[in-house]
Amino acid sequence: MPELPEVETVVRSLEPLVGRRIVSAEFRGARTLRGADPERLAAHLAGRRIRAIRRHGKFILMPLSGGRYLVLHLGMTGRLLLGGVPGKHTHAIFTLDRGVLQFDDSRQFGVIELHEDFPARLARLGPEPLEIAAEDFARELRRHRTSVKALLLDQTFVRGVGNIYADESLFRAGIHPLVRTARLSHGRAARLHRALVEVLTEAIAAGGSSISDYVNAEGRQGLFQVSHRVYQRTGEPCVTCGAAIRRVVVAQRSSHFCPRCQRR
DNA sequence: ATCGGTACCTGCACGC
DNA sequence: TGCGTGCAGGTACCGA
């Protein structure tokens, strides 16, 4: 589910938890902990204070008192809810000195981890797309040889872009998803950067896109799905030229594009 | 060093 | 009604 705008929205809605203390944590089965011992993890968390809540790409990072980092990833269907009702797919319940935070995830691609230091895996990710300069983005993009769609999804290139916002930004930039990055002019690469920044900024302002599962920590849906111009609109007319939107598979993911506005 | 393909999970919509 | 198929915001790992 959640890409940069959705994770950003969740992090913002978790703001009331900054400074709160974790009284206890309970974990239930599933692969959310990726084999870590639930009892041990709970023991490490009890009594710790949440010093901050930040987004790093699609990861949620919570530095705790005592120096450790609680790291969460929502995968495709993960939800963090303030005081939800535990259900079939609830995998973690954090009881705080004020309030409860619950982690639900039906597909179990989400992850909860505790790290001693800032995790190396996060340090290896590319820059935030809203922070990198257009010049640097364009130069780095052209250094690769893969398709532009695959590169946008590569978290070591830029962090936080997923399938929705890759397709939407390629549409706005008028670039076909299968175009090889090395063949894009500097100008078109810079135009893609601008489109990406626009799409992400608008999506954050709309609270993200709610396709099926996604809601923020207060249970509210995002609104940006109504602004999608190509994503999951296969067969529908292009908002610009009226041609039927097409779907191709790139990097094992559905890619939606307008065959007239986005030529190869 | 980079790439594409596969695996990991559950739920839903669809055609028969 | 039920069953099989394909698809869904994710990343990690494998071998070429």
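Residue numbers start from 1 in every chain, and the chains themselves are labelled A, B, ... in the order their sequence lines are given, proteins ahead of strands.
Aromatic ring centres of Y69(A) and H56(A) lie farther apart than the 6.0 Å criterion allows.
Side chains of H256(A) and D167(A): a donor-acceptor N/O pair is present below 3.5 angstrom, by distance only. A donor-acceptor contact closer than 3.5 angstrom links the side chains of E6(A) and Y165(A). There is no side-chain donor-acceptor pair under 3.5 Å between T9(A) and N216(A).
The phosphate of dG4(B) (OP1 or OP2) has a side-chain N or O of T146(A) nearer than 4.0 angstrom. Residue Q155(A) places at least one side-chain N or O closer than 4.0 Å to OP1 or OP2 of dT11(C).
The CG atom of D154(A) sits 10 Å away from the C1' atom of dT2(B) (whole-angstrom rounding). Here dG4(B) presents its C1' atom at 14 Å from CZ of R253(A), a figure rounded to the nearest Å. Between R124(A) atom CZ and dA1(B) atom C1' the separation is 15 Å, expressed in whole Å. Protein atom CG of L153(A) is 13 Å distant from nucleotide atom C1' of dG4(B), rounded to whole Å. Here the C1' atom of nucleotide dA8(C) and the OH atom of Y165(A) are 15 Å apart, to the nearest Å. dT11(C) atom C1' lies 16 Å from atom CZ of R159(A), rounded to whole Å. Between Q232(A) atom CD and dG6(C) atom P there is a gap of 18 Å when expressed in whole angstrom units. As a whole-Å value, the separation of L72(A) CG from dT11(C) P is 15 Å.
Residue contacts shown for S210(A) include a base, since a base heavy atom lies under 4.0 Å away. At a threshold of 4.0 angstrom between heavy atoms, the contacts of Y231(A) are confined to the sugar-phosphate backbone, with no base atom among them. R121(A) comes within 4.0 angstrom of sugar-phosphate atoms only, judged by non-hydrogen atoms across all strands, and of no base.
Ionic pairing of R79(A) and D104(A) is not present here: no N-O contact between side-chain nitrogen and carboxylate oxygen is shorter than 4.0 angstrom.
Set against dG10(C), dC3(B), dC7(C), the side chain of H144(A) has dC3(B) as its closest nucleotide. Nearest to the side-chain atoms of Q252(A) among the listed nucleotides dG10(C), dG5(B), dC3(B) stands dG5(B).
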Would you sort out whether E128(A) and R55(A) count as a salt bridge (Lys or Arg N to Asp or Glu O under 4.0 Å), showing the intermediate values? CA-CA 10 Å; E128(A) 286 285 335; R55(A) 182 185 60 74; 3.0 Å; yes
What does the B/S/- profile of nucleotides 7-12 of chain B look like, 5' to 3', with a 4.0 Å heavy-atom cutoff to protein? -BBBS-
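Side chains of F171(A) and V239(A) form a contact here, defined as non-hydrogen atoms less than 4.5 Å apart.
The partner of dC14(B) is dG4(C), by the rule that a Watson-Crick or G-U pair needs both atom distances under 3.5 Å.
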